[in-house]
Amino acid sequence: MEPGIVIVGGGLAAATAAETYRTKGGTEPVTILSADVDRPVHRPPLSKEYLRGDETLEKVYVHSKTFYEKNRISLRVQTTVAAIDRVAGQVVLSGGERVGYGTLVLATGARPRTLQVPGADLPGIFYLRSLRSSQELQRAYGAAGRAVVIGAGFVGMEVASTLTQRGIACTVVEMAPRMWPAIVPPVVSDFVQRYYSEREVSFRFGVGVQTIEGDGHAERVVLEGGEILPADLIVAGVGAVLNTDLAQQAGLQIERGVVVDEFFRSSDPHIYAIGDIANFPDEVGGRLHLEHWDNALNQGRTLGQTLAGNPSRFEHIAYFFSDLFDLSVNMVGYPSGWDDVIVRGDPSEERFTVIYVKNEQVRATLMINDDEHFDAWTTLVNARQPVSSSLADRDVAPLQAVS
Ligand SMILES: Cc1cc2nc3c(=O)[nH]c(=O)nc-3n(C[C@H](O)[C@H](O)[C@H](O)COP(=O)(O)OP(=O)(O)OC[C@H]3O[C@@H](n4cnc5c(N)ncnc54)[C@H](O)[C@@H]3O)c2cc1C
């Protein structure tokens, strides 16, 4: 049998690449090797609807159980790839088995960064990434009255909102002086933090965790400065570490991810990388790696097309979303390093848009409960549109404001 396409990783990028390859007519054997226990899932609901108990398990899976067999995709879960032998064109599994490839796709994503403080190894500290980790947290919060969430990043803020909605008193601890400082201006973080405070979420900003204590089980978080926060439940959302070890050991070029070209080809032309681990050239944003659901989906789709014989460049404006209580947050574009922002609407009405300006061009747009003009904002970011003060006027549609 010809060695075919081997995909390492069982997340959204992997599943979507395999699906698109088949739907676009690819006929080679496809094998997905995934360290996960479960078949590929959408991770966003794991901190939101599914964790809250408002979404069924079936909706969390990327594909139905029968999809893989029907599409002649061999999905091997609980299968960890330990090494890549580029000379032999094989991957080596943790048990020693070798699997040959003609084309290798790396879609190994990321894992939660772990706390590095005394007591961090006590049982009762939760991290979120896999379906199982969400299910464990769901079981644990049923009996909890008070939670401490360490980290006010996306996952931390989403979990704090979910647990609060389930009646658990949450305190969020964050080392930075405010939430999401690299990607939102104070007008946004002030608004969201106030929104949370009105819903009884407490914050401790600008302070780190010193230790976690408890009698055989994590029971309290001690902050620098000595404050003690008792907790029935501790959730850590302190960032993610890219799973680039395999690629690194194989000698591929690594620089904040696996360096790939616009077709996702790594420094070895037989090996591609997609999803969270890919460091790719973006026409508008420059070289990037993005840890977003939409990025994994669209990179998987684009690579699937290329492998099926229709070489496709990745030309896609970055997008991410989050849901925080009843706030629907949507961001298009490239927010980091903005020079200025334009606020369109009034945060006190809980519906507004923030336009990020860099070099006097529209660089990104953050919509809070305000996605009516989503497509227009995407067009303006893509066009690197020079800004106009009329963009602040809610009575003028964005495309009109710049015409
Ligand atoms: C709780 C949570 C909530 C999120 N919410 C949002 C959101 O609201 N909006 C948004 O835009 N993004 C969100 N994200 C981010 C988004 O889910 C990720 O960007 C996306 O899952 C990345 O997909 P991926 O396929 O690249 O990697 P992953 O989904 O991380 O999949 C990687 C896979 O590789 C496997 N693997 C790793 N190493 C090996 C190995 N050596 N051998 C075999 N298999 C291996 C892993 O087991 C896993 O199956 C969220 C992420 C999490 C964890």
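Note: hydrogens, waters and symmetry copies are ignored here, and every other heavy atom, side chains too, is used. Just follow the structure's listing: the first ligand is 1, and inside any ligand the first atom is 1. Predicted, not measured: the structure shown is a model, and the values here were computed from it.
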What orientation do H42 and W293 show, parallel under 30°, tilted 30 to 60°, or perpendicular over 60°?
tilted
Should the pair F320 and W180 be assigned to parallel (<30°), tilted (30 to 60°) or perpendicular (>60°) ring geometry?
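Rings of F320 and W180: perpendicular, as their planes differ by over 60°.
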cation_pi(R139, Y141) dist<6.0 Å, angle<=45:
no
Backbone or side-chain N or O of [X] under 3.5 Å from ligand 1 N or O:
| X | answer |
| --- | --- |
| L12 | yes |
| V8 | no |
| S322 | no |
| L46 | no |
| H292 | yes |

Evaluate the side chain to side chain contact (heavy atoms under 4.5 Å, CB included) criterion for residues V81 and L246: first the C-alpha distance (whole Å), next the side-chain angles of each, then the deciding distance (0.1 Å), finally the verdict.
CA-CA 8 Å; V81 174; L246 268 182; 3.8 Å; yes
Residue part near ligand 1, for [X], under 4.0 Å between non-hydrogen atoms:
| X | value |
| --- | --- |
| T79 | backbone |
| D36 | both |
| L33 | backbone |
| Y319 | neither |
| K48 | side chain |
| S34 | both |
| A110 | backbone |
| R111 | neither |

Should Q361 and Y356 count as side-chain neighbours, where that means a heavy-atom distance under 4.5 Å?
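With C-beta onward as the side chain, the pair stays apart.
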Contact atoms of ligand 1, heavy-atom distance to [X] under 4.0 Å:
| X | result |
| --- | --- |
| G11 | 25 (O), 29 (O), 31 (O), 33 (C), 49 (O) |
| A107 | 32 (C), 33 (C), 34 (O) |
| A13 | 25 (O), 26 (O) |
| S47 | 1 (C), 3 (C) |
| L246 | 41 (N) |
| A296 | 22 (C), 23 (O) |
| F320 | 11 (O) |
| N243 | 37 (C) |

Look only at the side chain of T31 and the backbone of V6, and say whether a donor-acceptor pair between them is shorter than 3.5 Å.
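Pair absent, no side-chain N/O of T31 close to backbone of V6.
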Side-chain (Y50) to main-chain (R43) donor-acceptor, under 3.5 angstrom
no
Closest protein heavy atom (residue, atom, distance) for [atom]:
| atom | result |
| --- | --- |
| atom 15 (C) of ligand 1 | E291 O, 3.8 Å |
| atom 19 (O) of ligand 1 | D276 OD1, 2.7 Å |
| atom 40 (C) of ligand 1 | V81 N, 3.8 Å |
| atom 14 (N) of ligand 1 | P44 CG, 4.4 Å |
| atom 7 (C) of ligand 1 | F321 O, 3.3 Å |
| atom 27 (O) of ligand 1 | G109 CA, 3.3 Å |
| atom 33 (C) of ligand 1 | G10 N, 3.3 Å |
| atom 39 (C) of ligand 1 | T108 CG2, 3.8 Å |

Got a sec: does the CZ of R287 have more than 12 other heavy atoms crowding it under 6.0 Å?
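Yes, enclosed.
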Count the heavy atoms belonging to other residues, nucleotides or ligands that lie under 6.0 Å from CD of E360, then report whether that count exceeds 12.
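Not buried by this count: 12 neighbours or fewer within 6.0 Å.
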Any chance the rings of [X] and [Y] have centres within less than 6.0 Å?
| X | Y | answer |
| --- | --- | --- |
| H292 | Y319 | no |
| F191 | F352 | yes |
| F67 | Y61 | no |

State whether a side-chain donor-acceptor pair under 3.5 Å links [X] with [Y].
| X | Y | result |
| --- | --- | --- |
| E291 | H289 | yes |
| S266 | D268 | no |
| H63 | Y68 | yes |

Heavy-atom distance to [atom]: which of [options] wins?
| atom | options | value |
| --- | --- | --- |
| atom 45 (C) of ligand 1 | A14, A35, P112 | A35 |
| atom 48 (C) of ligand 1 | R43, M331, R129 | R43 |
| atom 16 (C) of ligand 1 | Y127, W293, F154 | W293 |

Salt bridge (charged side-chain N to carboxylate O under 4.0 Å, His left out) between E200 and R146, worked out
CA-CA 12 Å; E200 311 293 328; R146 284 175 305 194; over 6 Å; no
Between CG on residue D232 and CD1 on residue I168, distance to nearest 0.5 Å:
8.5 Å
To the nearest 0.5 Å, what is the distance between CZ on R344 and CZ on R394?
6.0 Å
Tell me the closest heavy-atom pair linking V258 and I254, and the distance in Å.
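Taking V258 first and I254 second, the nearest heavy atoms are CG2-CD1, 4.0 Å.
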Hey, is Q299 one of the residues with a heavy atom under 4.0 angstrom from ligand 1?
no
